[in-house]
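Worksheet for the structure shown next.
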Amino acid sequence: MAETERSERRFKPAPLLFEPAEAASDPEHFFGLESMDDPRELLSRSTELALAFRAATDRAVEFQAVAAAQLADPRRFDRLTAADVAARAEWTEDYAKKMIEFGRDLIRGGGAPEDE
């Protein structure tokens with residue numbers, strides 16, 4: 001995905017609002033969508049939520065990658081192997097290696113989540 005597209009998408013989604021505990025315990029309740037009668041409004045709000053969740057997922061994956069790279073940094077006396085990172089994150093070792101490299105790229109490129 002192009003960097004411009006990812007940046008634009010980060011600013012476009014509707015904010016995710018936390019739901020009250022009572023609403024979250026009801027399996028039919030989801031951000032008030034079940035109570036919307038107007039299909040236009042339902043489509044609009046559900047699309048906003050889908051975009052917000054995708055943006056949140058992308059962001060969380062970037063944080064995972066940076067953390068994995070930091071944990072596997074060879075300069076750390078307590079560094080973890082890719083296998084150790086995989087075990088902590090419940091990933092395969094191959095995926096952990098890819099995430100460590102992705103995190104290193106983010107850190108080197110200045111695009112690390114904490115820099116934004």
Side-chain angles (χ1 to χ4, degrees):
M1 165 180 358
E3 183 65 32
T4 308
E5 180 184 335
R6 190 171 73 203
S7 295
E8 287 175 14
R9 200 168 58 178
R10 279 198 185 133
F11 297 110
K12 184 178 179 182
L16 293 176
L17 304 174
F18 291 98
E19 296 189 292
E22 315 84 62
S25 66
D26 178 2
E28 295 298 315
H29 184 83
F30 188 73
F31 290 90
L33 297 178
E34 72 290 338
S35 63
M36 292 184 175
D37 294 327
D38 181 359
R40 289 181 223 31
E41 182 184 356
L42 178 60
L43 179 62
S44 176
R45 182 61 182 148
S46 61
T47 300
E48 287 176 342
L49 284 169
L51 289 172
F53 282 120
R54 284 185 201 135
T57 299
D58 291 346
R59 193 88 166 113
V61 168
E62 288 176 354
F63 276 104
Q64 283 182 310
V66 168
Q70 290 172 337
L71 288 169
D73 187 337
R75 296 171 295 184
R76 289 177 61 115
F77 77 92
D78 61 345
R79 73 178 170 269
L80 299 179
T81 66
D84 293 332
V85 171
R88 282 182 180 234
E90 298 180 9
W91 297 332
T92 65
E93 189 172 347
D94 286 341
Y95 186 74
K97 289 176 183 176
K98 290 176 184 177
M99 288 294 279
I100 290 166
E101 190 54 43
F102 177 46
R104 287 177 179 156
D105 289 345
L106 287 171
I107 292 167
R108 272 194 301 268
E114 66 271 9
D115 291 344
E116 295 177 7

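Residues take their numbers from the sequence shown, with the count starting at 1.
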**OP:** Please report the C-alpha distance between E101 and K98 in whole Å, then the side-chain angles of each, then the deciding distance to 0.1 Å, and finally whether the salt bridge (charged side-chain N to carboxylate O under 4.0 Å, His left out) criterion is met.
**Re:** CA-CA 5 Å; E101 190 54 43; K98 290 176 184 177; over 6 Å; no
Taking the side chain as C-beta and beyond, is there a heavy-atom pair between [X] and [Y] under 4.5 Å?
X	Y	result
Q64	W91	yes
Q70	I107	yes
M99	V61	yes

Can you name the closest pair of heavy atoms from [X] and [Y] and give their distance?
X	Y	result
I100	A72	CD1-CB, 3.7 Å
A82	A96	O-CB, 3.5 Å
L80	V85	CB-CG2, 3.9 Å
M36	L42	SD-CA, 3.8 Å

Original post:
More than 12 heavy atoms of other residues, nucleotides or ligands under 6.0 Å from CG of D37: is that the case?
Top reply: no
Original post:
Taking atom CZ of R76 as the centre, does the number of heavy atoms from other residues, nucleotides or ligands within less than 6.0 Å exceed 12?
Top reply: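 Yes - once you tally the heavy atoms of other residues, nucleotides and ligands closer than 6.0 Å, there are more than 12.
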Original post:
Just by distance, do the side chain of R79 and the backbone of P74 share a donor-acceptor pair under 3.5 Å?
Top reply: yes
Original post:
Between T47 (side chain) and L43 (backbone), is there a donor-acceptor pair under 3.5 Å?
Top reply: yes
Subject >> Pairwise distance CG(D84) to CD(E93) - rounded to 0.5 angstrom >> reply: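 Going from CG on D84 over to CD on E93, the span is 9.0 Å.
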